[in-house]
Amino acid sequence: MRVTLKIWRQASRGGSGKFVSYPVDNVNPDMSMLECLDVLNEQLIERGEEPVAFEHDCREGICGSCGFMINGVAHGPLPATTVCQLTMRHFKDGETLTLEPWRARAFPLIKDLVVDRRSFDRIIASGGYISTSTGGACDGNDILVPKETADRAMDAAACIGCGACVAACPNASAALFTGAKITHLGVLPQGKPEQDRRAIAMVAQMNAEGFGGCTNIGECTGVCPKEIPLEVIAAMNRDYLRGSWRARDNVVTPIRPFTEWSTGSKLKNDPTGG
Amino acid sequence: MELNANIPSGPIEQKWDKARFEMKLVNPANKRRHTLIVVGSGLAGASAAATLGELGYHVKCFCFQDSPRRAHSIAAQGGINAAKNYQNDGDSVYRLFYDTVKGGDFRAREANVYRLAQISVHIIDQCVAQGVPFAREYGGTLTNRSFGGAQVSRTFYARGQTGQQLLLGAYQALERQVNAGTVEMFPRTEMLDLIVIDGKARGIVTRNLVTGEINTHLGDAVILGTGGYGNVFFLSTNAKGSNVTACWRAHKRGALFANPCFTQIHPTCIPVSGEYQSKLTLMSESLRNDGRIWVPLQKGDKRSPDQIPEAERDYYLERRYPSFGNLVPRDVASRNAKYVCDEGRGVGETGLGVYLDFGDAIRRLGRKTIEERYGNLFDMYQRITDEDPYKVPMRIYPAIHYTMGGLWVDYQLMSTIPGLFVIGEANFSDHGANRLGASALMQGLSDGYFIVPYTVGNYLATNKLGKIDADDPEIRNSVACVQQTIQKLLSINGKRTVDSFHRQLGKIVWDYCGMSRTAQGLETAIGQIRELRDEYWQNVKVVGSADDLNQSLEKAGRVADFFELAELMCIDARERNESCGGHFREEYQTEDGEAQRDDENYSYVAAWGYRGYGNYPELFKEPLDFEYVHPSQRSYK
């Protein structure tokens, strides 16, 4: 089959970008979207042109590296599938596919289809863990976790941090991502002691990063390759609300607030150069 | 150089306790004055960085991905072993130790393996405390399954995403330390050289993958947790970015590389479908618990599987290995798949595939149970192949998956360069010539959470580490080397892409140094690799600049290192005139086609020293003694 890839090309964060169309012949219906880009890139290099930069690693749908918009849909048309596992058989012969990077204020663009998602790491760093250090854990079976609880935690923990939820949201909200971690840890007995502060700290960080507010539209769960349920956002709101009146005296200082990104001031050790 | 593994004396059960007691400690107030460099953020790297941070050291952690959570440990599906004996089926530390030494075909170090088995139980406790959502029984206790090659149920799992959940646990512990200020995280940063001053590892040279900036980071010890080198085969189950560069550059600075030819072929992967293929997808071998492997009895039988009656199917593993059946270790399962395909009985369009059939299991247990156990794997299979495995048997074929070889380390996990520690898949130590299923996660976390934090402390407490002059000639030399390589790669401006070379290299290594090897074939491979490498340095085309995100340039540097490693793998495979585990030399097999070891002559670790490109590497041997598990021919009959 044959497709035309209309791809957002932008050399760097500071520059301006534009769509460039590339016809790709001899597309095998069994190849993945990323393999199709590989084929295109090989041709571009042979012609002496810069290949399209796109993020990818495991190509098994689990590392969360890959992701871009295909015809306006995060990860493309197939439910519960990342672009690395999206095979070309799901497109029509002769179709034009428009590929764009995730667009969100908290995901600054690096190049072409690659964006910077370190804001997600900072949300986790603000409280997305159980504070236990190595050594000193009790026997695994001393903490009984009902099967249903473990399953629910696992449903939320399956998040791969790809950022599709943010890209799909009209508000560029990270509520599904943040809610998934708050739910995973909050439902488990091990995570209960920090349930309040975790929610407060993570929500504060999420806001500071410049993600938008959640208005319960549900696009996020619709495109989520791991089908994280919308209820994690309800759990986040509940934990946040309860935490807010129980632990009101806690002073939460978000780390590296988003303003540093937008003002362009140079951060210490910032791989993107600020 | 005399290789000293520094194994503590005394009975095997007491060695680790003894070693820990004998270690010198670092005064807590001094810990923050030590800067430690951790390269890699997978299970080993992240757990080490987090734990060292918790202890109060100043840690700098590096990964080439955009976030430490992406490391390829995340893709491990099946589970993690631990000798908990929760199922009361006769497991023990000793049995896990025994199984691992035997499974490794008697080419691993007993003391290391015993320690691994001892620590396994603590790993589970640690991960539960972190909130890893392991599968549970209705009563709330942890559940287990039996897994590739084990007759006890000692594998803990979180659906088919165990690696993901364990890595997220380690990643969260790491981010907690980032928040606490003990760990500085450097994502999108690749290590391109090791800095060795006065014979000790004192830092690394890195390239910022976004700005292209070359930086040096200095410290008191360097810990590599950079994973395996399976991508030398181009097509593998590894992530596309997985590479040998950090290890290889350390090797060139003096760290010995051990047993490079010990590579593991995983029996259950989705077969190759076309030339464009960029990687192979693993299906967890837990599938072998309930799936039955077969091919048609008749050669070239092109009927669809449901048209082939029971009597005309050959369940070859059950037939040849009645007591282990479909659960034989990975190397045995892989080789047998190759045999039946070589006989012309393979299935699928290419003839390179065998059936993994769940028909019986679905009839016996019901579709719901199978869905619960393997649902996500079945979905993944269907997404890729467009076939429904609940109705049609899966087609599988072996693919390269794990590398047992790696940088040589002693009992303290320190390489032959003092101050350079190597953990997880990047070292060679625990799996011998073949790794058992669900043992990689165990080793990564054991090294990272429970071993290296102690042994690095001992190194710091027993060595005088002077202040480094930032202008030291060694530092300038390392930086210059890195810059030269980058400039060279960009300036060739030849006709072929990096991938086209890598693909061709991978095919050579797969054909001659893959599932089965011969001295002659290896000789051919070495010649072809050299030729192709020479062409690479004349004719590769890397476009773009060194000053921004340039993914072709990143690949070009990694492939250059794969060329050199590939040659060493073939040299090592040719030197080892025996068959053991994943290393199968056709000349050395028993009458019924099983691997034939030569304990008299080859019961050693082959550790290779670099002597410049084109020069034959220097071989050092670490003899292996088996005091507890006496070598026998592995039999799974």
Side-chain angles (χ1 to χ4, degrees), chain A residues 12 28 30-31 35 38-39 42 45-46 48-51 53 55-60 62-65 81 85 89 110-111 114 117-118 120-121 124-126 128-134 137-141 143-147 150 153-154 157-158 161 185 188 190-191 255 269 271-273, chain B residues 51 54 65-67 69-70 72 74-75 86 124-126 128-131 133-138 140-142 158-159 161 164-165 168 172-173 175-176 178-179 184 186-189 208 210-211 239-241 273-274 276 278-279 281 380 383-384 386 449 497 499 541 543-544 548-549 551-552:
Chain A
S12 66
N28 185 315
D30 284 338
M31 74 174 41
E35 285 169 337
D38 288 342
V39 170
E42 290 287 284
I45 296 169
E46 279 164 12
E49 292 175 42
E50 275 223 36
E55 198 103 62
H56 65 103
D57 203 20
C58 79
R59 299 205 176 189
E60 299 179 16
I62 193 75
C63 75
S65 297
T81 306
Q85 294 208 304
R89 70 177 84 96
I110 292 177
K111 187 174 182 177
V114 179
R117 290 169 289 192
R118 282 178 300 163
F120 270 10
D121 288 333
I124 298 298
S126 70
Y129 42 75
I130 289 169
S131 297
T132 176
S133 296
T134 305
C138 61
D139 187 90
N141 264 348
I143 307 168
L144 295 180
V145 182
K147 185 175 184 302
M154 183 63 218
L185 299 173
L188 290 170
Q190 304 94 300
I255 35 176
N269 303 322
T272 64
Chain B
T51 305
E54 288 161 7
Q65 297 93 341
D66 73 319
S67 160
R69 68 180 290 154
R70 315 266 185 234
H72 194 54
I74 202 142
Y86 282 161
I124 300 304
D125 301 342
Q126 173 66 22
V128 168
Q130 288 175 340
F134 284 121
R136 301 271 171 170
E137 302 289 349
Y138 281 102
T141 52
L142 290 154
R159 294 201 187 135
Q161 290 127 280
Q164 180 198 26
Q165 293 310 313
L168 292 182
Q172 288 163 203
E175 290 296 341
R176 174 171 165 247
V178 170
N179 199 21
E184 278 182 87
F186 295 80
R188 295 192 196 273
T189 309
N208 177 322
V210 178
T211 64
K240 291 297 285 175
S273 66
Y276 55 81
S278 62
K279 78 155 270 159
T281 303
M380 181 155 92
R383 254 199 310 278
I384 293 171
D386 212 17
Y449 281 131
T497 64
D499 274 358
K541 188 178 183 81
V543 295
D548 72 339
L549 181 70
Q551 293 169 323
S552 328

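Chain A is the first sequence line, chain B the second, and so forth, proteins listed ahead of strands; every chain is numbered from 1.
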#### Entry: Part of A:Ser12 within contact of chain B (heavy atom distance under 4.5 Å)
neither

### Query
With only heavy atoms counted, which part of A:Leu185 is less than 4.5 Å from chain B, the side chain, the backbone, both or neither?
side chain

### Task
Sort A:Asn28 into side chain, backbone, both or neither according to what part of it lies under 4.5 angstrom from a heavy atom of chain B.
side chain

### Message
Salt bridge or not between B:Lys279 and A:Glu60? Use side-chain N to carboxylate O under 4.0 Å.
### Response
yes

### Message
Counting only non-hydrogen atoms closer than 4.5 Å, does A:Asp139 touch chain B with its backbone (N, CA, C, O), its side chain (CB onward), both, or neither?
### Response
both

### Query
Counting N and O atoms only, with roles assigned by atom type, does the side chain of B:Glu54 sit under 3.5 Å from a partner on the main chain of A:Thr134, one being a donor and the other an acceptor?
yes

### Message
For B:Gln65 and A:Ser65: C-alpha separation, side-chain torsions, deciding distance, then whether side chain to side chain donor-acceptor pair (under 3.5 Å) applies.
### Response
CA-CA 8 Å; B:Gln65 297 93 341; A:Ser65 297; over 6 Å; no

### A:Glu42 vs B:Lys541, salt bridge (Lys or Arg N to Asp or Glu O under 4.0 Å): CA-CA, chis, key distance, verdict
CA-CA 10 Å; A:Glu42 290 287 284; B:Lys541 188 178 183 81; over 6 Å; no

### Task
Measure distances from A:Val39 to the heavy atoms of chain B and classify the residue's part below 4.5 Å as side chain, backbone, both or neither.
side chain

### Summary
With chain B, the option among A:Gly128, A:Gly191, A:Pro51, A:Ser131 that has the most non-hydrogen atom pairs under 4.5 Å is A:Ser131

### Task
Could you pull out all residues at least two apart from B:Arg70 that satisfy salt bridge (charged side-chain N to carboxylate O under 4.0 Å, His left out)?
B:Asp66

### chain A contact via B:Leu549 - which portion, at a heavy-atom distance below 4.5 Å
both

### Atom pair OH/CD of A:Tyr129 and B:Gln130 - distance to nearest 0.5 Å
13.0 Å

### Message
Which atoms of A:Ile45 are under 4.5 Å from chain B, going by heavy atoms: the side chain, the backbone, both sets, or neither?
### Response
both

### Message
Test your reading of the model: is there a side-chain donor-acceptor pair from B:Asp125 to the backbone of A:Ala137, 3.5 Å cut-off?
### Response
no

### Task
Could you tell me whether the side chain of A:Asp57 and the main chain of B:Gly241 form a donor-acceptor pair under 3.5 Å?
yes

### Contacting region of B:Ser273 [heavy-atom separation from chain A under 4.5 Å]
side chain

### Query
Does the side chain of B:Arg188 reach to within under 4.5 Å of the side chain of A:Ile110, using non-hydrogen atoms?
yes

### Message
Let's test your reading of the structure: which of B:Asp548, B:Asp386, B:Ile124 forms the most heavy-atom pairs below 4.5 Å with chain A?
### Response
B:Asp386

### Task
Mind listing the closest non-hydrogen atom pair of B:Gly131 and A:Leu188 along with its distance?
O-CD1, 3.3 Å

### Query
Where do B:Gly544 and A:Glu50 come nearest, in terms of heavy atoms and distance?
CA-OE2, 3.7 Å

### Message
Please find the pair of heavy atoms, one from B:Gln161 and one from A:Ala158, that lie closest to each other, and give the distance.
### Response
NE2-CB, 3.8 Å

### Query
Would you say the side-chain atoms of A:Asn141 pair up with the backbone N or O of B:Leu142, donor to acceptor, closer than 3.5 Å?
yes

### Query
Of all heavy-atom pairs between B:Arg383 and A:Arg89, which one has the smallest distance, and what is that distance?
O-NH1, 3.3 Å

### Query
Do A:Glu35 and B:Ser278 have a side chain donor and acceptor closer than 3.5 Å?
yes

### Query
Which pair of heavy atoms, one from B:Val543 and one from A:Glu49, lies closest together, and at what distance?
CG2-O, 3.4 Å

### Query
Hey, are B:Ser67 and A:Asp121 close enough side-chain-wise for a donor-acceptor pair under 3.5 Å?
yes

### Any A:Cys58 side-chain heavy atom under 4.5 Å of B:His72 side chain
yes

#### Entry: Check: A:Val145 and B:Phe134 side chains under 4.5 Å, non-hydrogen atoms
no

### Minimum side-chain heavy-atom gap A:Asp38-B:Tyr276 below 4.5 Å
no

### Message
Once ring-ring contact (aromatic ring centres under 6.0 Å, His included) is applied, do any residues pair with A:His56, and if so which ones, sequence neighbours excluded?
### Response
A:Phe54

#### Entry: Heavy-atom check, side chain of B:Glu137 versus side chain of A:Lys147, under 4.5 Å
no

### Task
Please answer whether the main-chain N or O of B:Val128 pairs with a side-chain N or O of A:Gln190 as donor and acceptor at a distance below 3.5 Å.
yes

### Message
Do B:Thr497 and A:Glu46 pair up side chain to side chain, a donor and an acceptor below 3.5 Å, judged on atom types alone?
### Response
no

### Summary
Heavy-atom nearest pair, A:Ala53 first then B:Gln551, reads CA-OE1, 3.3 Å

### Task
Compare all side-chain heavy atoms of A:Ser133 with those of B:Arg176 and state whether any distance is below 4.5 angstrom.
yes

### Residue B:Thr51 versus chain A: region with a heavy atom under 4.5 Å
both

### Task
Nearest 0.5 Å please: distance from the OG1 atom of B:Thr281 over to the CZ atom of A:Arg59.
10.5 Å

#### Entry: Region of B:Gln164 in contact with chain A, defined by heavy-atom distances below 4.5 Å
side chain

